[in-house]
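Numbering starts at 1 and runs along the sequence shown. Note that ligands are numbered from 1 as they come in the structure, with each ligand's atoms numbered from 1 the same way.
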Amino acid sequence: MQHKELIQQMTLLEKCALLSGDTVFTTRAYSKHGIPAITLSDGPNGVRKQAGAADHLGLNPSVPATCFPPAVTIACSWNPALGEEIGKAMGEEAAAQEVSVLLGPGLNTKRSPLCGRNFEYFSEDPYLSGKMAAGYVRGIQSNGISACPKHFAVNNQELRRMASDSVVDERTLRELYLTGFEIVVKEAAPKTIMSSYNLINGTYANENAHLLQDILRRDWGFNGAVVTDWGGSNDHALGVKNGSTLEMPAPGGDAVRELLKAVETGKISESDVDARLDELLTLVLDTHAAVENHSRSFDAEAHHALVRRAAAESIVLLKNEENLLPLATGTRVAVIGDFAETPRYQGAGSSAVNSLKVDTVLDNLAHSGLQVLGFAPGFDRRGRADAVKEAEAVALARQADVAVLFLGLDEIKESEGLDRGDMKIADNQIELLRAVQAVNPNTVVVVNAGASIETPWLKHCKALVYGALGGQAGAGAILDVLTGKVNPSGKLAETWAMSYEDTPAKEHFAGKGRTVQYREGLYVGYRYYQTAGVAPAFPFGFGLSYTSFAYSDLKATSDSVTLTVTNTGSCDGAEIVQIYVAKPDAKVFRPVQELKGFEKVKLAAGESKCVAIPLDDKVFRYWNTMTNAWEIEGGRYEIRVGASCEDIRLTATVEVAGTGAPNPYAGISLPHYESGKVMNVPDAEWEVLLDCPIPDDTVKIDCNMTLGELKHSRSPLCWLVWLVLHTMLTNSYKQGKPNLNVMFQYNMPLRALAKMTSGAISMGMVDGIVLEAKGFWGIGLCKVLVEAVKNAILNAQLEKRLRDA
Ligand code: BGC
């Protein structure tokens, strides 16, 4: 224990109180013990420090900071060193604003393209996510503060986000949902990690001993602090016992009393509290000292320039018929689309940064070298048909050499708290595209969106540029690519399916009940499309360049791969070389191939480079549920080197010694998992993989019932609350602007009332509400009132005891 002496000087009350937040974004301070308060702030793509009223949904303003491109964008750079540079700059701004813990990066696996927070996450592939996130963490922490990778773990949808139970088999859990976190923990040593809101196989992530103790702390050697997501603590005492350090935001005296009682009654031991306190003190003292010594300023212009460079490096060129791009200097262009004037550059929710400034395409055109004939917004951003706008845009396009259309998803489509309803771009935008192409075949589409979209309209454009969400300088980055100032080198970090109907999790994503069944198992993203033989619109790892590359001289062993890459075109560029590993004769079922290495190589025109890519301990392993360990199936493996998962250029075979473990599936029939055709796995087969019966999915009236489920209660008062929320939500939808605050409350369990009201509501009061919901109206209401009085008195006493201690 690092802080034994200090801990010995503290009373049990003081110790327990320190393990939960003081305000929405700060910890408690004990000046008598020399323990300062520290500030935690979002987030993953820039600092969102709230100086005034604080909330965790990005509703109230925050101190201006640089808005970097979100993870969805930088993931397409496939360049962890770029992630590190961004992390360093974000960490610098955080420390300058006296923030000790920056709440990011987010690295949940993109299980479904509809998850509302996909823009905050890197990839459908854990290896790529883990490597990118590790870069960010190293960069952020180079400032002495803490990064906080999140949301640990299996948190892949927004519906019922604080109380949904992710039901997943152990092998899929380890290989797909935890490997990214394992990489980040082992390779970047984050000082904190954020536990997610959801349950995993029936136990909340924040009190899940298997997740936090067995895997995170014991297997991976994590010795930092686990911070709950905001309101993500269910049973604080169990959390502390099972490895969770700090409950956030500010649950008030109730959480402190809960912990005290748990120690006094023997539910947990004082040494559990001390162990967590030791972790917290290291975090507080180290990061506070780093912040104290840090400069209070940063170079905002340099950070703006970094955003532009990073966004440009991440742009993916998806189509370029007849080499329409790059546009030569002097090309007469029609600039069309509302997004050219009002850019879509970040997502909504807790990650939303109050940007220092925001560039627009229109503002930057003057320096682009293009001859701009004019600008027409072309469509209504909220999706309403507008014939006048469309006609104006078509007239402009008619006169131009090239029409450049700026299309995308509008702000309300992608947000924390809200999953997307489909993968489409609004009909009015597609209608405009058709009309423009009819008068000008030289049509370029630029898409700004934080997630994959369907592209049935692809034939209506000659070139397609995916700009993702470019951060505050993203607009300039797009122009750099359109004009060839930057040769595009990004590649997709997620598959773009032909249609949502093709996506493997669709039957079990955002369902109505409490559980979310991860029935598709390992077959997420390209692992599914390639194994099941389903053709996507654009495969994982795909991206074009203005030059071309040749691959040669592959040499592979089980430890490393070397090859030569040559730029065979006439301009400088960069290629992302991808290593996929396959075992065609596998006895243990597995996806046809998996990404196990990559390298971004910069090459001048005509240049060749020898590239060496190491193969690590994760390359051949699989999780064996019989031995409960990582094992290797011995034999021949194919090392496939590709420019995307579909475009394999070279293949070598290596012989790998196995660990000799028994095949856990020997004699068991799992036809859907063997073929990868997992769209309709029958219950019986899923139960075999899950190794237990499918859990009950019915809504129960308890403290984890969400406010949106109160209609299932037996209380008119609760029905009324539900009706009010439901009406507010429906009305906000009708107005085309979902109310995030109401949405949050709708998905919030009753328990969270006691966790997110700074002590105003206690768990005792929540118990009263549950009684009320069960139909014991009088008793329930009385309990709420009695507990409210009790809570107020006990809170006052507790604060006094802390002050007097
Ligand atoms: C989000 C976290 C965020 C936290 C604090 C939560 O609602 O899930 O990602 O860091 O709020 O704002």
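- Of the possible donor and acceptor atoms, none in the side chain of N741 sits under 3.5 Å from a partner among the backbone N and O of F744.
- Ligand-side atoms of ligand 1 in range of L103: 10 (O), range being under 4.0 angstrom from any heavy atom.
- For F744, no heavy-atom contact with ligand 1 is shorter than 4.0 Å.
- Side chain of N791 to main chain of M765: no donor-acceptor pair is present (N/O by atom type, distance under 3.5 Å, no hydrogens or angles).
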task = Please assess E279 against N223 for the test side chain to side chain donor-acceptor pair (under 3.5 Å), listing each intermediate value before the final yes or no.
result = CA-CA 7 Å; E279 294 150 12; N223 60 4; over 6 Å; no
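- At a 4.0 Å heavy-atom cut-off, ligand 1 does not touch M162 at all.
- Which parts of ligand 1 touch E416 is read off a 4.0 Å heavy-atom cut-off, strictly below it: atoms 1 (C), 6 (C), 7 (O), 8 (O).
- Counting heavy atoms from C-beta outward, N354 and V63 have side chains that stay 4.5 Å or more apart.
- The shortest N or O to N or O distance between W230 and ligand 1 is not below 3.5 Å.
- Looking at R117 against ligand 1, only its side chain comes within 4.0 Å, counting heavy atoms.
- The distance from ligand 1 to the heavy atoms of H151 drops below 4.0 Å at these ligand atoms: 2 (C), 8 (O), 9 (O).
- In summary, the atoms of ligand 1 found under 4.0 Å from a heavy atom of F25, numbered by their order in the structure, are 5 (C), 12 (O).
- With salt bridges taken as basic N to acidic carboxylate O contacts below 4.0 Å, one links E520 and R111.
- Put simply, the side chain of E709 gets close to the backbone of T706: a donor and an acceptor are under 3.5 Å apart.
- Applying the 4.0 Å criterion to heavy atoms of R48 picks out, from ligand 1, the atoms 12 (O).
- Among the candidates C67, S351, S62, the single residue satisfying the side-chain contact (heavy atoms from CB on, under 4.5 Å) test with R48 is S62.
- Contact annotation for M248 and ligand 1: no heavy atom of the residue comes within less than 4.0 Å of the ligand.
- Close N/O approach between E120 and ligand 1 is not found [any backbone or side-chain N/O within under 3.5 Å].
- Taking every non-hydrogen atom of M194 and a distance limit under 4.0 Å, the qualifying atoms of ligand 1 come out as 10 (O).
- Residue contacts with ligand 1 for M756 are absent, since no atom lies close enough (heavy atoms, distance under 4.0 Å).
- Near K150, the atoms of ligand 1 lying under 4.0 angstrom from a non-hydrogen atom of the residue are 2 (C), 3 (C), 9 (O), 10 (O).
- Side-chain N or O atoms of R344 include one that pairs as donor or acceptor with a backbone N or O of Q346 at under 3.5 Å.
- N234 and E207 share a side-chain donor-acceptor pair at under 3.5 Å.
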